[in-house]
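Read the structure below first, then the notes.
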Protein chains: 2
Amino acid sequence: MKQYDHPLAQDMQLSCLLYALSDPFRLAVVRKLAACQPQPCAPLQGGRPKSSVSHHFAVLRKAGLVRTEVVGVTHMNSLREQELESRFPGLLAAILAAASVEDVPA
Amino acid sequence: MKQYDHPLAQDMQLSCLLYALSDPFRLAVVRKLAACQPQPCAPLQGGRPKSSVSHHFAVLRKAGLVRTEVVGVTHMNSLREQELESRFPGLLAAILAAASVEDVPA
DNA sequence: CCATTAGTTCGATTATAGTCGAACTAATGG
DNA sequence: CCATTAGTTCGACTATAATCGAACTAATGG
């Protein structure tokens with residue numbers, strides 16, 4: 001059974017987090033997870049090949065944003081909201097709010 | 001007299017902002033500006049060659065984070081706090097708060 | 001008008017990231 | 001035990017970004 005590295009909250013780095021979220025695809029994944037949790041990777045693919053999606057999830061995990069747990073055949077992803085909140089209070093909420101401001105049509 | 005492009009608040013893009021701030025040097029610049037404003041580039045160089053610094057300022061301007069105004073020989077930089085606030089309320093504050101959490105020694 | 005200061009621009013080099021197909025792995029169902 | 005499903009890993013290629021020296025520009029001071 002495959003296991004993933006998930007950094008401890010105290011080891012999360014802001015630059016790594018911001019970098020992970022600066023990619024529109026990854027930000028979209030985080031937003032979808034925020035709306036519906038946990039989810040496997042498949043419904044979040046958005047037409048990309050599996051290898052690309054897998055790469056983006058690895059970046060999100062390394063930043064500490066997403067936790068992936070193996071549940072049978074599927075890998076369930078969720079946001080690490082509590083750990084993120086303990087490390088950087090209010091940050092994720094502010095970024096998610098900014099993201100939803102952005103895609104309101106002008 | 002040289003002029004710079006500064007995007008309108010409504011044209012600022014979240015991914016561009018997060019990307020700009022995901023670089024530790026650029027984040028440090030933003031933090032220093034938040035603490036003391038406006039400032040020329042020179043005191044923010046941190047030992048880097050001028051061409052690199054100039055590049056990083058260009059990224060910050062393009063993201064909408066920094067405004068640069070020519071004042072005689074020096075170029076004065078400031079944060080575009082109001083515009084940022086109007087576009088993404090609370091975002092800059094949350095990121096600055098996260099940055100200061102991060103460099104508190106464990 | 002010349003030197004100085006502050007910063008930009010250019011061009012080359014290097015490093016880091018994204019993208020994708022193909023082969024792989026681990027768990028499940030028949 | 002074989003096929004299927006879900007996702008990873010690998011390797012190659014491409015694209016984007018960082019870095020830095022050198023030449024440039026624009027404003028000021030002497």
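Lettering follows sequence order; numbering is per chain, from 1.
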For [X] and [N], what is the distance between atoms [atom1] and [atom2] respectively, to the nearest whole Å?
X     : N      : atom1 : atom2 : answer
A/F57 : D/dA6  : CZ    : C1'   : 12 Å
B/R67 : C/dG7  : CZ    : C1'   : 19 Å
B/D5  : C/dT8  : CG    : C1'   : 14 Å
A/N77 : D/dA6  : CG    : P     : 14 Å
A/M76 : C/dA26 : CE    : P     : 21 Å
B/L27 : D/dA18 : CG    : P     : 14 Å
B/Q3  : D/dT25 : CD    : C1'   : 15 Å
A/H75 : D/dT8  : NE2   : C1'   : 8 Å

Protein proximity profile, nucleotides 13-19 of chain C - base contact B, sugar-phosphate-only contact S, no contact -, cut-off 4.0 Å on heavy atoms: ----SSB
Below 4.0 Å: OP1/OP2 of D/dG7 and any side-chain N or O of A/Y4: no
Strand partner of D/dG11, provided both Watson-Crick or wobble distances fall under 3.5 Å: C/dC20
Nucleotide forming a Watson-Crick or wobble pair with C/dT4, both distances under 3.5 Å: D/dA27
Atom NZ of A/K62: over 12 foreign heavy atoms under 6.0 Å: no
Minimum heavy-atom distance [X]-[Y], with the two atoms named:
X     : Y     : result
B/M12 : B/A63 : CG-O, 4.0 Å
B/V66 : B/H6  : O-CD2, 3.4 Å
B/L27 : B/A99 : CD2-CB, 4.2 Å

Distance under 6.0 Å and angle within 45° of ring axis: A/R26 vs A/Y19: yes
Per B/K50 side chain, nearest of listed nucleotides D/dG7, C/dA27, C/dG7: C/dG7
Sugar-phosphate only, base, or nothing, as touched by B/F25 at under 4.0 Å among non-hydrogen atoms: nothing
Residue that, paired with B/R61, satisfies side-chain hydrogen bond (donor to acceptor under 3.5 Å, both in side chains) out of B/T68, B/N77, B/D5: B/T68
Aromatic plane relationship, A/H75 with A/Y4 - under 30° parallel, 30 to 60° tilted, over 60° perpendicular: perpendicular
